[in-house]
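Remarks on the structure that follows.
All chains are named by letter (A, B, ...) in the order of the sequence lines, taking the proteins before the strands, and each is independently numbered beginning at 1.
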Amino acid sequence: MAKIVAAMEFIAGFLFVTLLAVVIPANERKVEQPLPFNHKKHVEAGWKCINCHPFADHQKFAGLPQAQECVDCHKAEMPKYPNNKKMREITELLEKEYIAKGREIPWVVVHSVKDFVYFSHQRHVTLGKVECVECHVGVDKMTEPVTKPLFPLPTYPKMIAYNQSVRKMEWCLDCHRQKKVTTDCNACHR
Amino acid sequence: MQKHSVVNEERLPEEEELEKDILRPLEQPASKKFWLTCGFLAAVFLFALIAWTNQLINGLKVTGLNAPVFWGVYIVNFVFFIGISHAGTLISSILRIANVEWRRPFTRMAEAVTVFSLPFGALCPIVDMGRPDRVFNVIKHPHLTSPILWDVICISTYLTTSCIYFYLSLIPDIALCRDRLKNVSPFKKWLYRTLSLGWTGTEKQWKILDTVLTVMSVMLFVIVVSVHTNVSFVFAVTYKPGWHTTILPPFFVLGAIFSGIATVIVVMAAIRKYYGLDRWVTDYHFDRIAAFLLALTCFWFYAMFVEHLLTIYLGEPAEMSIILARFFGRFSLMFWVMFSLCFIVPLIVLSVKKWRTIPNLVIVSILINIGMWLERYVIIVPSGINTLLPWGTAKYIPSWVEIAITAGWFSGFILLLMLFSRFFPSITVWEVKEGLHQAAQKTQPVLVSSTAKENA
Amino acid sequence: MSMKDLMKEIKVNRRGFFKWGAISGTAATLPLWIQKLLPSPVGLKETRPKLYGEESFLPSVCGCCEAGCGVLVRVIKGNAVGIKGNPHHPVNKGALCPKGFTLIQELYHPDRVKTPLKRKGDRGSNEWKPISWEEALGEVSEKLREIRSKGEPHSLLILTGSTNKFERLMLRRFSSAFGTPNIVEVGWCFGQGMVDAASAMMGLNFNFDLEDAAFIISFGFDWLQSFPSPVEATYAYSVLRRGKPDRRVRIVHIEPHLSITGIKADEWIPVKPYTESALALGIAHVIVAEGLYDKDFVLNHTFGFEDWVDEKGRVHLGFKSLLLRDYEPERVSKFTGVDKETIRRLAYEFAEKKPSLALTDRTRFYDQMAVLSLNALVGSIGVKGGILHFDDFFPFSLPPCQQDEIARKGLSSNPITKTDGKIFPLAELVSEEVPDSILNSSYPVNAVLLYRANPVFSSPDLGRWVEAIKTVPFVVSMTSFLDETSMFADIILPLSVTLESWQATSTRTLKGVPVLSLSKPVVEPLYDTLSGVDILLRLTKSIGGTVSESFPWQDASEALKESLRGLFTSGQGEPLSEPPAAEEESWIEEETKPTLDKWFKNIAATGGWTDKKVAEKLPPLKFKTPSGKFEFYSLTLRKRLGEETPDIFCLPHVEDPEFLGELGKEVRLSVAPQGGDGKTFHLYLFVPLVFKGGEGAHLPYLQGIAGSYLSEHRWETWVEINPETADELGLENDEFVWVVSPIGRVKARVKRYVGVPKDVVAMPLGLGHTAYGRWAQYVGSNPSAVVPKVLDKITGQPLWQLTLVRIVKEGKSDGNQRQI
Amino acid sequence: METKGKFDILRRKLIALFGTLTAALGVFSLRRKLASQENKETEPAPENHESQNGHKPRWGMVIDLDKCTGCGACVVACSVENNMMLGDAQLAEQGRVIRWMYLLPMIEGEYPNIRSRIMPMLCQHCDRPPCVFVCPVSATYKNPEGLVAQIYPRCIGCRYCVNNCPYTIKYFNWGDPEFPQPIPKGFNPDVAVRYKGIVEKCTFCHHRLQIAREKAKAEGREFRPEDYVPACVEACPAKAIYFGDLNDPESEVSKLAHSRRAFRLLEELGTQPKVIYLTEG
């Protein structure tokens, strides 16, 4: 009797810790981006992702706009928003900080795959007909620049199933399975 | 059986002395020499850990391994440690089932050897891995056709089972310590109190323990065989000449038991000498176990002989290149040393009655262990060096890291044994008592009497 | 047992157990915890720059050897990240040899010279201080001006190594503008084919038309490894074997060691070193004696076959009678160790399978002659599948350069190395004579200008060079890597590598199609380097005077364009392929009014120019010789050597007392090493493809594949020894030995190799650098150090294969030898 | 009374325990259920290897030793394409230089009668790959098109596959490869740089396959086998290496594979290599 109790206690303790280990989500550090940027506003103003990320539909990478492009566009749009101070400030900032000095905006790459992964935006956006927000969830609602990878948070049990932070192969696989596209390792690993 | 008889029958005079003799070491503070040795061993072990850290940082380039010799000393140690771990379970389970009399004083240390060598055995492949941080992949993404996976399963099962087995058979003696040892450190007191699980030696408790032990003995026997079979599979299922032989599994099991028994003899002799237990571990016992060792020697030779004979008859070039390397080539020295240590010397020494003294026995056992280590080396490395396709000169010289880690593991193993002997009775008191009682009342075969008791 | 003590036990155990469970649980899930609690960094720690950019394939020209293969470089964001052959290029047809692929590695080599350097320590101490181009060029030009002002421009010595044709043109122009006749090409004679014999007997350059040959026999020419244009040779080989469905061409290889060519050939015939020509003449003997030779060709298009009478009425020995006199198979077979049945068999095979082709490398002059005349005997000259003779294709032409009085005077003074035409009649300047002439010539050498030249590595008996260079007051080296010779320089002018600079070179394919390979830089220069031509332009500017007037151009591309005006106006040929679509409009315009600029732009954009029409017609059987015919008896040589020279020296023969009798007293110069005793061996040297031209050791990807036929992927210099010999000497595989000759010794690793005769040991050239970047430095050893300087009497080319060496176990003493 | 109290303790204790247990079990079963669901979703196994007409390629290589001159262009091309470790004299001495492709000489006999051959050696991409059977973590596996792949982030570096490879053509990274700057600038961005402690091998340049497929799809055309050419094949000056689909009886490789000169290395082991050699002569 005593021993049974003891054994159960042991097991209980064991499971308790294990569960904790499984359930606690991994914490991800945020990065500092050089400039404020409001995705939400831009989307509301009727911009498509592809306008600023021009390579997304025909290249592996999505690409970012040059400071010059931002400024030109802002200048053009300025009249529409006479009382948008932020916009003006940023434009001026861009002009004297980057264009004048001829540097690129040092955005920190947040969404990146390891170099043993073959990932192509073209494949997903153009050929796969996947909406940007399907993967970059909620980016269209964001009022500040992306500071940590945006992926759909898995439901609670799934998180246990993955038993990992969300930026893992299982996440890709999950979608691939649902969409019935290849799940061969060789299709992405290289 | 009739352990419960211990409770109700009147105690024999020897029991008192037995308990005294065996519990003495646990009360007396250990000698300076003892602690110095411990310290030394610990130092070696720590150095091994440092060496391993170095390897973790720089990768396996710090070892002597290279292409095409991908496996070396680490894997040799792996096989060796798993090998000697077989002694304990063999003696205490099989011999217990068979109720062989002379096993009684050996069982405890035998099991200890098992329990302490296994972890080191299991550690070796992890040391050998390029990415030990990914060791859990084996469980997360198992691939059923791989012997390594089976190994992981077998060895972990084996480890847990034999730990439990060891612990269970330890309980009554811990209880004994708890009751008898009054003037020991509070830590020990606490230790005994907790571990004895409130053992009082009631008839019921004995019954439970008895059944559990019997059942587990049977289980363990199966596991023992499976474990080393699997270890051998790691080599036997490959395409490598020299590894791909049908006899390898039984050969490995045999060799394992062989070296295991040898180890037990050494350990036991040491304990007996150091703690002066001559009265309880008598020459008779050693004589018996020596005979057993002799039998194993012959079996080992048999397997050895068959393996090589068949290969030579086939005369398949790749295989032959290895045989030649072993017999006359660059491994000939090792091979013949190994052969004489494992077969010739033991055969001569053990088969002559008057040479079968304990010192001789110990020496022989040590030699056998060295020999068996070499045997594993001679099995594993030549096959690495002789590739199927022409290859430039391949060579393998273990680096200091490998040597350090090997030494560390061995000293760690010994260290654990020594400490154990400081904290727990190194002879299974109750089992010996049982023996005494049976001797006292000239028991007819035990099973019969016990069944009789059931009927009554 | 009573509930009481049960409870007691529970009390005892409870906390303990839960705790333990927790502990072991933590242990089991430790990795997880680590994962969870350590913050996982966003992004990655980069193993390499992440390249986000569109990729493009830009044409360039491989500068690794003379062949000038076209390459396409994959460029992303200004980084060269991939390379492949240019499929439109007639020379390499989209393939490349191993060296071609390492252009990228050369470009990104960590040990390149990154800025101009000035010597800090004393010579050879390898201590430098970086300086600006202004300083560097200023110093150099200042020095050169001084030399000119002293009125002795000829005291400037220019040593050129591997250059492309355009660079060579500019360098020669510089020398003549500056006024020095002393511009010498240094480098290995390996893998250039029988150029000297061709010039002496045909007065023309030539190509082996391998592809269409019906039978190929190579005399000591490891042509699969060291062909002037490796890719073409390799391709031709595949065609010979499997290209034509109906036939598989037999290939016979004659060499003292089983090289890769020997391995791939159908028959390998080992001979003693330097007896290949004897075998050739033996075969010729059979062909002539049994009347198998091509009567028509010999009669109509050759001179000196029969005995002949000169204008003075003196009767001269003809090739025929020489053969019949000296080279009957018995004698030859005794000399070469090849039995005479084999000789007969080869003779018949060679004569009957037409067109058959005999190859040899740039070995001794008379050996070349022997093999060339063998071709002539069977009429394999100027025919499909034989030897195609051409004049050089050299499309670059510039207006004559300005010369002032000083320059003219300098040019008129005779060059340092040669005094009269008697010695080395066929050579302009003999590079191997240079060090001796520097040390003791009629006038001092005040400055040396090295252009990618590394004689201290690539010539026999290196010591001489070191001494000589040290005596020169001022040494400038233009190079991309700090090589052995540059170690002794005062100023280093860093050159851009192939992919960073304009490339222009001209060749003919094996079929004789003229190809101009031309390309822009594909990437920006990584460091503060300039292309060779740009350096010359800036240098001349700062020298000023007529020198700068001769170089009026702003940069390399302009000069290049100018030099090609002639080709453009000739109107022949077309770009390698359709120019890229990007230039569509401009292309259409050009249809209407072609201009040099557009033409040049298109050529640069497509990687070159070619004129396919040439291939259709075979060259006419006209030769630029005094007799206008193919000369068995070289009148050119007779003219140079003088009337009274014995006929045999104008005819192919074996330079050996055995055949020369009295005349050949001091011909055979190989000398057994003094000091110590022991068996001596012929030292047979060869050059693996990857070390062609003495370069390549600095590129790790190339190191691995040298000597791949030995199943050793090791970076080291090895010495191949026949297993039986090795047993006699008690040598095991991979042990180190000293290879000892009279002038020095080198360490090498023993490779027991059945592919060498018992009396020969073979070693590869190309390793053993003492500088030249981290991957070359102190890897292997350089056999040149044990080869005494022995020059061919006619061409002045060093003779590599004449050394006799002893093999001494490492550690054993071997007399007092200079250790290399 | 006292006993009763103790009984309570005991009971509560037990209830608590069983509670935790069931909770735990619940969560885990949920997890299992989830997994099984995923499996259901995946049935039938999704394949985009097949082209519309349902033909699945089986990539194979033919090397014509009669054309090959052993120049080693394939070796270097492979190294450049796949960001191979550089190596140095010491590593070479230790046999730790990694080249996915190398030239394997076979020289037999005594001077001067020698039977010699030199053959380009690379992963044979067996149809019964020994390395795959023994990998404990499925880090190496044979994909539906017959490419034997190595998944670096999965590999635990036990070197079992290398031991079991009869051709000894898989390689282990004994240490981290050293790439002094600016060498990494020249890396091929399509290929991962390997790191210490993992096994690597020839991939038949399948990154080119990934790209070729996408390219074909983007151009809206059917993917053709000739879109996919490994670096060594592209490089060979003698055009001695052929690559293509062995399942397509019309393809050049399968024709050559059935020629009389065809043989495979260590065929007797039954590994069924997909690299076929053609003898000389």
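- By the 6.0 Å contact criterion, CD on D:Glu178 is open, its count of non-hydrogen atoms from other residues, nucleotides or ligands being 12 or less.
- When heavy atoms are compared at a cutoff of 4.5 Å, D:Arg261 approaches chain C solely by way of its side chain, counted from C-beta outward.
- With a threshold of 4.5 angstrom between heavy atoms, D:Met85 approaches chain C through N, CA, C or O but not through any side-chain atom.
- With a 4.5 Å cut-off on non-hydrogen atoms, D:Arg115 does not touch chain C at all.
- Residue C:Tyr778 does not touch chain D at all, counting heavy-atom pairs closer than 4.5 Å.
- Side-chain contact between D:Tyr102 and C:Ser708: absent, with no pair of heavy atoms (C-beta onward) separated by less than 4.5 Å.
- Heavy-atom distances place the side chain of C:Tyr527, and not its backbone, under 4.5 Å from chain D.
- Contacts between C:Pro87 and chain D at a heavy-atom distance below 4.5 Å are absent for every atom of the residue.
- Here D:Asn188 contributes atom CG and C:Ile104 contributes atom CD1; the two are 8.5 Å apart, rounded to the nearest 0.5 Å.
- Here C:Tyr237 pairs with nothing under the ring pair (Phe, Tyr, Trp, His ring centres under 6.0 Å) rule; sequence neighbours left out.
- Taking every heavy atom of both residues into account, D:Gly87 and C:Pro700 meet most closely at O-CB, 4.1 Å.
- Here the CD atom belonging to C:Glu55 is positioned 7.5 Å from the CG atom belonging to D:Asp190, to the nearest 0.5 angstrom.
- Heavy atoms of D:Ile107 lying under 4.5 Å from chain C belong exclusively to its side chain.
- Salt bridge annotation for C:Arg241-D:Asp64: absent, with no cationic side-chain nitrogen under 4.0 angstrom from a carboxylate oxygen.
- Contact of D:Ala89 with chain C is made through backbone and side chain together, with heavy-atom distances under 4.5 Å.
- No side-chain donor-acceptor contact under 3.5 Å links C:Tyr108 to the backbone of D:Phe187.
- Identified by a heavy-atom distance below 4.5 Å to chain C, the contributing residues of residues 68-77 of chain D are D:Cys68, D:Thr69, D:Gly70, D:Cys71, D:Gly72, D:Ala73, D:Val75, D:Val76, D:Ala77, in residue-number order.
- Without hydrogens or angle criteria, D:Lys67 side chain to C:Thr234 main chain gives no donor-acceptor distance under 3.5 Å.
- Looking at D:Ile114, the atoms closer than 4.5 Å to chain C (heavy atoms on both sides) all sit in the side chain, from C-beta outward.
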